[in-house]
Amino acid sequence: MVNITAPLRIGYVLFPAFTATDVFGPLQVLNLVSITHNMTLSLLSADLAPVSVDRTVVNGVPVGMLGSSASPNFTQLVLPTHALADAPPDLDVVFVPGGAGARDVNGTQPHVDWLRERMDDKDPRRRRLRYVLSVCTGASLVARTGRIAGRNATTNKAAFNWVKSVEHAADVNWIAKARWVVDGDDLWTSSGVSAGTDMTLGWVEHVYGRNESERIRVMMEWNALNQTDDPFAEIYGLS
């Protein structure tokens, strides 16, 4: 359990076609925690344009992987609070979701560059991140920073081999059978989609204690899985 006396400053890295549950599952946990603990939230994107969810929609036009789906305009829009260039300098925690948009390597390069800088920040005007948490294929963005070489991580099992193919991913020790993985106490990575909520409850236990994480889980009526409860590795032939 970590003793926190100042507000915990949390950021979310957003890009078009992030997966809804990757963001809003953990965010539901944080919304409830924030009722009794002092926290701030920043939503970070390349610019302040609305960010489309689960599909890439640019100026009202669907593009990308799901641009030709049966319902290409079926999306929601999230308004960022900050452009990456203007992100708060004192963030403690950053969440990185996955989704179809994570495969847009060029489109997510600004996010990767920002993460690389903030994960090993030597600028005295900014605070180095205390925690980085990725959900699903968000681990691909974290791996591309080159900052987690030699460390343990996991990701979405359906996309496991793709994530392992991105730049610098060969230097990461990828754990196939895991709901989520913690390396040290600052790097948290989860398997696909719903696993991010389980991981976030685990992180709440780490930061605020078991009683608090259980209180939140019960409020959500959430049947949480533990770190090693991962049936999807076998389904995808990874175990």
Side-chain angles (χ1 to χ4, degrees), residues 1-14 18-44 78 80-82 87-99 115 118-119 121 126-136 138-139 142 148 151-156 175 177-232:
M1 184 174 178
V2 176
N3 181 25
I4 293 178
T5 56
L8 194 64
R9 304 181 189 281
I10 297 175
Y12 262 89
V13 172
L14 302 180
F18 70 82
T19 292
T21 305
D22 289 10
V23 169
F24 298 115
L27 192 55
Q28 180 61 62
V29 175
L30 299 176
N31 281 340
L32 293 173
V33 173
S34 71
I35 295 171
T36 52
H37 298 275
N38 193 357
M39 307 167 78
T40 67
L41 178 65
S42 301
L43 305 178
L44 315 172
V78 174
T81 61
H82 298 80
D90 54 355
L91 292 173
D92 299 295
V93 185
V94 164
F95 281 78
V96 185
L115 284 166
R118 296 300 292 268
M119 287 174 71
D121 203 340
R126 293 192 296 255
R127 182 181 300 169
R128 183 175 178 177
L129 295 172
R130 293 173 60 185
Y131 299 101
V132 174
L133 298 94
S134 71
V135 181
C136 195
V142 179
I148 62 169
R151 304 190 69 178
N152 296 331
T154 196
T155 188
N156 183 305
I175 309 299
K177 186 174 177 58
R179 185 69 170 167
W180 77 90
V181 167
V182 184
D183 188 289
D185 71 352
D186 61 328
L187 179 64
W188 297 61
T189 56
S190 86
S191 188
V193 194
S194 62
T197 304
D198 290 332
M199 176 186 69
T200 304
L201 285 166
W203 177 77
V204 168
E205 178 177 347
H206 168 72
V207 176
Y208 296 105
R210 174 69 174 174
N211 288 343
E212 183 68 351
S213 66
E214 256 313 272
R215 184 181 71 84
I216 298 302
R217 186 191 69 79
V218 171
M219 287 177 67
M220 292 175 61
E221 300 190 14
W222 184 266
N223 288 320
L225 300 179
N226 63 41
Q227 279 186 262
T228 58
D229 193 352
D230 179 19
F232 302 102

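All of these numbers come straight from a predicted model, not from anything done at the bench. Only this structure's heavy atoms are used, side chains among them; waters, hydrogens and symmetry mates stay out.
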Novice: Taking all atoms of both residues into account, what is the closest heavy-atom pair of His82 and Ala87, and its distance?
Specialist: CB-CA, 4.3 Å

Novice: Ignoring hydrogens, what is the shortest heavy-atom contact between Tyr208 and Leu8? Give both atom names and the distance.
Specialist: OH-CD2, 3.5 Å

Novice: Which atom pair, heavy atoms only, marks the closest approach of Ala224 to Leu201?
Specialist: CB-CD1, 4.3 Å

Novice: Could you list all the salt bridge (Lys or Arg N to Asp or Glu O under 4.0 Å) pairs where at least one residue sits in residues 187-203, not counting sequence neighbours?
Specialist: Arg179-Asp198

Novice: Rounded to the nearest 0.5 Å, how far does OG1 of Thr200 lie from CZ of Arg217?
Specialist: 15.0 Å

Novice: Met199 and Val135: which non-hydrogen atoms are nearest, and at how many Å?
Specialist: CE-CG2, 4.0 Å

Novice: Could I get the full list of side chain to side chain donor-acceptor pair (under 3.5 Å) partners for Ser34, not counting sequence neighbours?
Specialist: none

Novice: For Ser191, does its backbone N or O pair with a side-chain atom of Thr155 as donor and acceptor, under 3.5 Å?
Specialist: no

Novice: Enumerate the salt bridge (Lys or Arg N to Asp or Glu O under 4.0 Å) contacts for residues 219-232, please, sequence neighbours excluded, ordered by first and then second residue.
Specialist: Lys157-Asp230

Novice: Hey, mind stepping through Val182 and Gln227 against side-chain contact (heavy atoms from CB on, under 4.5 Å) and telling me if it holds?
Specialist: CA-CA 9 Å; Val182 184; Gln227 279 186 262; 4.0 Å; yes

Novice: Minimum heavy-atom separation for Leu129 to Leu91, with atom names?
Specialist: CD2-O, 3.7 Å

Novice: Heavy atoms, side chains only, cut-off 4.5 Å: are Phe18 and Val78 in contact?
Specialist: yes

Novice: Identify, with sequence neighbours excluded, every residue that meets salt bridge (charged side-chain N to carboxylate O under 4.0 Å, His left out) alongside Arg210.
Specialist: Glu205, Glu214

Novice: Could you tell me whether the side chain of Arg128 and the main chain of Met119 form a donor-acceptor pair under 3.5 Å?
Specialist: yes

Novice: Which atom pairs, one a donor and one an acceptor, fall under 3.5 Å between side chains of residues 20-32 and the rest of the protein, sequence neighbours left out?
Specialist:
residue: Asp22; atom: OD2; partner: Gly98; partner atom: N; Å: 2.8
residue: Asn31; atom: ND2; partner: Leu27; partner atom: O; Å: 3.4

Novice: Tell me every residue that passes side chain to side chain donor-acceptor pair (under 3.5 Å) with Asn226, counting only those two or more places apart in sequence or in another chain.
Specialist: Thr228

Novice: Of all residues at least two apart in sequence or in a different chain, which pass the side chain to side chain donor-acceptor pair (under 3.5 Å) check with His37?
Specialist: Glu212

Novice: Go through the structure and list residues passing side chain to side chain contact (heavy atoms under 4.5 Å, CB included) with Asp186, not counting sequence neighbours.
Specialist: Arg151

Novice: Working note: Val33 + Trp203, criterion side-chain contact (heavy atoms from CB on, under 4.5 Å); need CA distance, chi angles, decisive distance, verdict.
Specialist: CA-CA 12 Å; Val33 173; Trp203 177 77; over 6 Å; no

Novice: What's the separation between atom CG in Leu44 and atom CG in Leu41, rounded to the nearest 0.5 Å?
Specialist: 8.5 Å

Novice: Considering only heavy atoms from C-beta outward, does the side chain of Val93 approach that of Met39 to under 4.5 Å?
Specialist: no

Novice: Do Val207 and Tyr131 have side-chain heavy atoms sitting under 4.5 Å apart?
Specialist: yes

Novice: Which distance, rounded to the nearest 0.5 Å, do you find between the CG of Asp90 and the OG of Ser42?
Specialist: 8.0 Å

Novice: How long is the span from the CD1 atom in Ile35 to the CD1 atom in Ile216, to the nearest 0.5 Å?
Specialist: 7.0 Å

Novice: Please confirm whether the backbone N or O of Leu43 pairs with a side-chain atom of Thr81, one donor and one acceptor, at under 3.5 Å?
Specialist: yes

Novice: Backbone N or O of Thr189 within a donor-acceptor pair of the Thr154 side chain at under 3.5 Å?
Specialist: no

Novice: Grab the two heavy atoms, one from Thr19 and one from Gly99, that are nearest each other, plus how far apart they are.
Specialist: OG1-CA, 3.1 Å

Novice: So, does Asn152 use its side chain to make a donor-acceptor pair with the main chain of Asp183 at under 3.5 Å?
Specialist: no

